[in-house]
2 protein chains.
Amino acid sequence: MTNLARRLFGVLDCFEADTPPLSLTEIVARTGLPMPTAWRYVRELTAWGGLDRLPDGRYRIGFRLWKLGALSPVYRDLRELALPYMQDLYQATHENIQLAVLDERTALCIEKINNLRSVATRTRVGGRLPLHATGVGKVLLAHAPPELLAALLAAGLPRLTRHTIAQPGRLARALAEVREQGMAFSRQEMSLGAGSVAAPVVHPSGEVIASVSIVAHSTVDLDRLGIAVRTAAAGISRSLAGP
Amino acid sequence: MTNLARRLFGVLDCFEADTPPLSLTEIVARTGLPMPTAWRYVRELTAWGGLDRLPDGRYRIGFRLWKLGALSPVYRDLRELALPYMQDLYQATHENIQLAVLDERTALCIEKINNLRSVATRTRVGGRLPLHATGVGKVLLAHAPPELLAALLAAGLPRLTRHTIAQPGRLARALAEVREQGMAFSRQEMSLGAGSVAAPVVHPSGEVIASVSIVAHSTVDLDRLGIAVRTAAAGISRSLAGP
DNA sequence: TACTCATTTTCACCTGGTGAAAGTGAACTG
DNA sequence: CAGTTCACTTTCACCAGGTGAAAATGAGTA
């Protein structure tokens, strides 16, 4: 790979879901590029539309990348396919609905339907959730190669609330239960006051390629919602098999 | 701009919504790059994840760009804000719902809710619609600077069906009516058997920044749906003004 | 087996990218 | 108000990394 290309992509890779707009100095700090080089790259990316420059001189991801990314067939097709089922689930429950895939040891949210009157959730499309503390995450983790769990355990499990499962043995048992029940629960493990129940979206090859969840107030009966979310996940899975 | 950056972006810019996966030879033809240069760029973009290489050697937009693009705040925020209202509209009508913005003389679809039992529509998120022949397009065109209409007329209005408005005078009158009524109709002008009604999403500054539509069978009473779509558009517009 | 065509690789050449240093401008402080 | 600081933004001598013509490879076809 050309040095220039690698460095150019490195600038883009500075941006994550919860990254606020970045200044040039912050991009320099994150990439290690000399200031004028970073300046030139940022200027070029901005000219192309891949970055937007704000009036205060900070940069954020630009519309050009949204336009290109929207063409990515793999996840566009999954989103299109899943959205009607997520709609049905939303209509039946009026809670928040999320669709996530496994990516870089996180659950990456690729579609989301919010009810502003349900529990507030912090996730956005393109945002990431911890695998060990969320419904969608546990589903994905339960069906991933064991090395992933091992790597997570080696890195340590962040305790997000006092309910978060942070002990390796407890998590392993929980994941076994996920595989057995075909769904996963998170009860105030990610955020106090919020719970979720998720089910796997299964590709015809048998691989779990995504997970769909309902996120609701912790007072809501997640067991009752479990049937609904599994039904939606089954519908999506069936659609993956084609007409 | 560095020559390399410009050319690298040029490779990405080969891809449009209805572009099938492209072979290296096709990318060469579209960019004018020498074969080894294009080869190297494509290899680099693939290594980074911006392009995916299919087993048959053709390339398409990769997931990395989806992930980055999903972070683009401007349209992500609009989509998030609009989606609940689109949900409500879908729930009320069970027809296809689209949200589009003006981009490069087209209506660019940025969110879409399909009902598979309604009329089939060809549009996908990231796809483009002609301004003169669609509900969303006419809304955007009606509120755009007059130079845009002049440019479209100079380029000629493609006749997509026998109902498409292709005469400049008729279109100008239709757009005046859109501005007066606060909504636009397309009656089999885009596709035979399909019609749509759209309304403008207005920013607090007064600028029409998007348009939301219902797409249904041509047999459906669009006049009745007009009230609903205007209600949704008004809700989105109000949300733009903040809490 | 020979031919064709779409890649994929090689490598001599040179030009375009680099980054240390300098310049600029805005904000802050005394 | 003048001086200082800091985050950019620009300059330009230098050279290394990118280029593309030509060759090689591999798959498909007749």
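Order of the sequence lines sets the chain letters (A, B, ...), proteins ahead of strands, with each chain counted from 1. These figures come from a predicted structure and were not determined experimentally.
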Rounded to whole Å, the CG-P distance (B:Leu8 to C:dG16) equals 17 Å
Next item on the list: State whether a side-chain donor-acceptor pair under 3.5 Å links A:Ser72 with B:Lys67.
Entry: no
Taken to the nearest whole Å, CG/B:Leu4 to C1'/C:dT18 is 14 Å
Start with the C-alpha distance between A:Glu111 and A:Leu83, add both sets of side-chain angles, then the distance that settles side chain to side chain contact (heavy atoms under 4.5 Å, CB included), and finish with yes or no. CA-CA 8 Å; A:Glu111 187 54 278; A:Leu83 198 53; 3.7 Å; yes
Measuring to OP1 and OP2 of D:dG18, would you say a side-chain N or O of B:Arg43 lies under 4.0 angstrom away?
no
Quiz item: Are any of B:Ser23's side-chain N or O atoms less than 4.0 Å away from OP1 or OP2 of C:dA6?
Solution: no
N/O donor-acceptor pair under 3.5 Å between B:Thr37 side chain and B:Leu33 backbone: no
- prompt: When we call it a touch if two heavy atoms are under 4.0 Å apart, what does B:Arg58 touch: a base, just sugar-phosphate, or nothing?
  reply: nothing
Any side-chain N or O of B:Arg40 less than 4.0 Å from the OP1 or OP2 oxygen of D:dT19? yes
**Phosphate contact (C:dT18 OP1 or OP2) by A:Tyr41 side-chain N/O below 4.0 Å** = yes
Polar side chain donor-acceptor pair, B:His203 to B:Ser205, under 3.5 angstrom:
yes
Requested in this report: Would you please confirm or rule out a distance under 4.0 Å between OP1 or OP2 of C:dT18 and any side-chain N or O of A:Thr37?
Outcome: no
To the nearest angstrom, the CG-C1' distance between A:Leu24 and D:dT10 comes to 13 Å
Here the distance between atom P of D:dG17 and atom CG of B:Asn3, to the nearest Å, is 18 Å
_Pairing donors with acceptors under 3.5 angstrom, does anything connect the side chains of B:Tyr41 and B:Thr31?_
no
In whole angstroms, the gap separating P of D:dC6 from CE of A:Met35 amounts to 13 Å
From the list B:His143, B:His132, B:Glu189, side chain to side chain donor-acceptor pair (under 3.5 Å) partner of B:Lys138 resolves to B:Glu189
The answer to which of A:Tyr59 and A:Ala5 contacts DNA chain D further toward the 5' end, by nearest nucleotide, is A:Tyr59
(message) Applying a 4.0 Å non-hydrogen cut-off, can you work out what B:Arg53 is touching in the nucleic acid: base, sugar-phosphate, or nothing?
(response) sugar-phosphate
Between CZ of A:Arg6 and P of C:dG17 the distance, given in whole Å, is 17 Å
Rounded to whole Å, the CH2-P distance (B:Trp39 to D:dA24) equals 18 Å
In whole angstroms, the gap separating P of C:dG17 from CG of A:Leu33 amounts to 15 Å
A:Arg58 meets the salt bridge (charged side-chain N to carboxylate O under 4.0 Å, His left out) criterion, sequence neighbours left out, with A:Asp56
(Q) Check this one for me: any side-chain N or O of B:Thr25 less than 4.0 Å away from OP1 or OP2 of C:dC5? (A) no
Could you tell me whether B:Pro34 contacts a base, only the sugar-phosphate backbone, or nothing, with contacts defined as non-hydrogen atoms closer than 4.0 Å? sugar-phosphate
In short, the helix from C:dT1-D:dA30 to C:dG30-D:dC1 is bent end to end, axes from five pairs each side, to 10°, by 40°
Checklist line | Any donor-acceptor N or O pair under 3.5 Å, side chains B:Ser23, B:Glu26 | finding: yes
Out of D:dT9, C:dA20, D:dG20, minimum distance to the side chain of A:Pro36 belongs to C:dA20
